[in-house]
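The structure appears below as structure tokens.
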Amino acid sequence: MTDPDIERKLIEIMRIISESEKPVGARNIADELNTRGYNIGERAVRYHLRILDERGFTEKHGYAGRTITKHGTEELKEALITDRLGYVINRIDELIYLTDYDLYTKKGKVIVNLSYINENEIDDALNIMKDVASLGIGISPKIKIFDEGNDDNVIVPKDKICIATMCSITFDGLLLKNGIPVEPYYGGILKIENNVPINYSDLISYHGTSIDPIKIFMSRKSTSVLDVMETGTGSVLSNIRYIPSSAKEKAELIIDKASESDILGAIRVGNSGEELFGAPADIGKSGIPIFVGVNSIAAVEENGINVTTHPISTIIDYCSMKKI
Amino acid sequence: MQSQGYRLQFTSAKIEDLMYRTTFDPKKEEGDLVVNISVFKEEDAEAILNIFNKTMSSGLTVSSYVKLLESGDTISGYTIEENMIGIATVCSITVDGILLKSGILVKPQFGGLVQIKDGVPTRFTDVLRYESTTIDPLEVLMSQEVTSVSRMLRTGSGKILASLRGAPMIAKDDIESTLADMIDVGISGILEVGEPNSRVLDVNVQRDHFGIAVIGGTNPMAVVQENGYFISINAMSTLLDIDEMQLIDDII
């Protein structure tokens, strides 16, 4: 292992190269590094690039610049664990900042989850999602479907269809844009009895994991959304965020207003220090538990259909999403 | 309605409780250890026990001491179901408990996946903090199917389960002698001991602390799962007297 500082710069250079579709040259990499707060010149970038080439993480394409190799992509997923421990929450912070949907003009961007499903199973999947949307536990019925070669730069592999579902973190963006300091905190499994939420059976904080909590619960197959649909009793995915209790009323107004735009799923806003469904809360803080959007996708998976989901993926124009 | 007075317990609190209840004394070779109970189908017993034996003899676990439980057996109020077999294996929290009982407070930080290259541990690649989750991190990682412990056994490279704790620098000599006493009685599993104020397996430590990475007691279960057998891990964690346990060699 080399010096941690050099290692960090190497990783940052690889990130820059991996984010570009075309080969990138040392000049552009140096500019981008400066934007990101790394004070490093073109000559030093060339030195670092040689190290990356030697390790087989990047490839040179003549004067055009460099691209990342498969080996390099893997390295990006594994290196700098201390950074990636904060990756989930950093990504959330970035996306809630970018959310600009206006509840009054009904225009702007919201956060979505992207799920990939085989082309031949898409009709079945959509039917199930439709049923879940009508369940009444407040999951937004709006989705967007992408196929190969769409205009939104969403990469869809051949024979797959990508479905965007409304991500519950959109609420955090709305709260932030209305001046409320919001802190998305835990993803969890919420037990439901007779269509009423009872308590969380497990929680994982967005702050202390290198893997997205909702993704963890989905691959643990810990949901039973279909049971909730049939009998009113089962387990669903939910997350919880905290706001200062002084903002409770304002938050309630926003949640109310959001429902006019089909942005649904907020269960209630807690009182100061009130422990909602077993989740801890500090004095002066109010929790807001929300049913997450991928519950409909969890139901599809429970039905035996193969789905790959990336929660909290990207932002898209809300007007382009249609009712299922 | 929402159940009253219900509050979730995070793994960090469960761990402190288990550490406090550990009474094992490596010098006297007596007392209680922290164990995980895993449950598998009776029909798979021979194959699974062979996997346990192989993984344990390669050192990819905390200890080779185990206890088998037959259907109907009860441990700490948990009963093994019909046609199932339970196995109690030593949990890595035992190491923290023993250090605590020798007067050293170590702080378990997280469980994660450690990448091994040609037999050398290189770095953590995925982690979950104990205070951030109500499910044991190593159980979470097993359910993500990201381990490659079998490959590690075959080729010397792969990803195994491990956990990290921070220990005060001032106690380094005491800790090393206690760890040596533990190894003498068959409780090992120390993957890496860092230097004070230096990163260990790519992870920073607190000021004037050093990191100790311990191999997860759940690695044999990960191998069982990677080989396609059903195994339910962490049905519960509890304490067990070492006198009730045997070396896996003596059972097979």
Side-chain angles (χ1 to χ4, degrees), chain A residues 1 3-4 7-8 11 74-89 185-191 193-194 196-213 215-222 240 267-268 270 274-281 289, chain B residues 1-14 109-117 120-146 148 158-159 162 164 194 198-206 211 213 232-234:
Chain A
M1 276 279 134
D3 181 275
E7 207 65 28
R8 175 171 300 263
I11 294 293
E74 272 167 31
E75 176 70 11
L76 265 184
K77 280 189 203 142
E78 288 168 349
L80 295 188
I81 185 62
T82 318
D83 277 18
R84 281 189 303 112
L85 190 53
Y87 177 78
V88 178
I89 191 69
Y185 219 93
Y186 298 108
I189 290 290
L190 187 58
K191 271 195 279 184
E193 273 174 34
N194 302 319
V196 177
I198 299 298
N199 53 244
Y200 284 106
S201 49
D202 278 303
L203 289 175
I204 298 177
S205 150
Y206 286 111
H207 298 260
T209 162
S210 58
I211 311 173
D212 184 283
K215 200 168 180 172
I216 289 173
F217 289 121
M218 284 183 84
S219 45
R220 279 172 63 85
K221 307 200 187 314
S222 12
I240 186 162
I267 301 170
R268 59 176 281 227
E274 183 186 356
E275 284 163 12
L276 291 173
F277 311 117
Chain B
M1 266 319 285
Q2 188 186 161
S3 36
Q4 291 297 313
Y6 170 85
R7 196 173 177 183
L8 279 166
Q9 188 185 30
F10 286 83
T11 318
S12 45
K14 287 180 200 163
Q109 290 175 347
F110 55 73
L113 218 49
V114 169
Q115 189 171 40
I116 311 278
K117 276 186 186 158
V120 182
T122 56
R123 60 189 174 188
F124 277 97
T125 60
D126 270 304
V127 301
L128 278 96
R129 283 190 192 285
Y130 287 124
E131 62 199 21
S132 296
T133 166
T134 59
I135 313 172
D136 175 30
L138 298 190
E139 198 199 323
V140 167
L141 290 164
M142 264 182 75
S143 69
Q144 303 301 301
E145 295 178 5
V146 284
S148 49
K159 288 181 182 172
L164 187 88
S198 314
R199 305 196 316 161
V200 55
L201 300 177
D202 226 9
V203 177
N204 296 321
V205 292
Q206 250 181 306
S232 154
I233 71 156
N234 269 358

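Chain letters run A, B, ... following the sequence lines, proteins first, then strands; residues in each count from 1.
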### Task
State the OG1-CG distance between B:Thr134 and A:Asp202, to the nearest 0.5 angstrom.
3.5 Å

### Smallest separation among heavy atoms of B:Gln144 and A:Ser219, with atom names
OE1-OG, 2.8 Å

### Task
Using non-hydrogen atoms and a 4.5 Å limit, figure out which bit of A:Lys191 sits close to chain B: side chain, backbone, both or neither.
neither

### Query
Quick one: does B:Leu128's side chain get under 4.5 Å of A:Ile204's, heavy atoms only?
yes

### Query
Given that the side chain runs from C-beta out, which part of A:Tyr206 has a heavy atom under 4.5 Å from chain B: side chain, backbone, both or neither?
neither

### chain A contact via B:Phe10 - side chain, backbone, both or neither, heavy atoms under 4.5 Å
side chain

### Query
For the candidates B:Val140, B:Leu113, B:Thr11, B:Val127, which exhibits the highest count of non-hydrogen atom pairs separated by less than 4.5 Å from chain A?
B:Val127

### Query
Between B:Glu145, B:Glu131, B:Lys159, which shows the greatest number of heavy-atom pairs under 4.5 Å with chain A?
B:Lys159

#### Entry: Nearest heavy atoms of A:Ala281 and B:Arg7, plus distance in Å
N-NH2, 4.4 Å

### Message
To check you understand the geometry: which heavy-atom pair defines the closest contact between A:Gly208 and B:Ser132, and what is its length?
### Response
CA-OG, 3.2 Å

### Query
How about B:Glu139 and A:Arg220: do any of their side-chain heavy atoms sit closer than 4.5 Å?
yes

### Query
Is there side-chain contact between B:Asp202 and A:Glu7, with at least one heavy-atom pair below 4.5 Å?
no

### Summary
Answer key: most heavy-atom pairs under 4.5 Å with chain A among B:Gly112, B:Ser143, B:Pro137 is B:Ser143

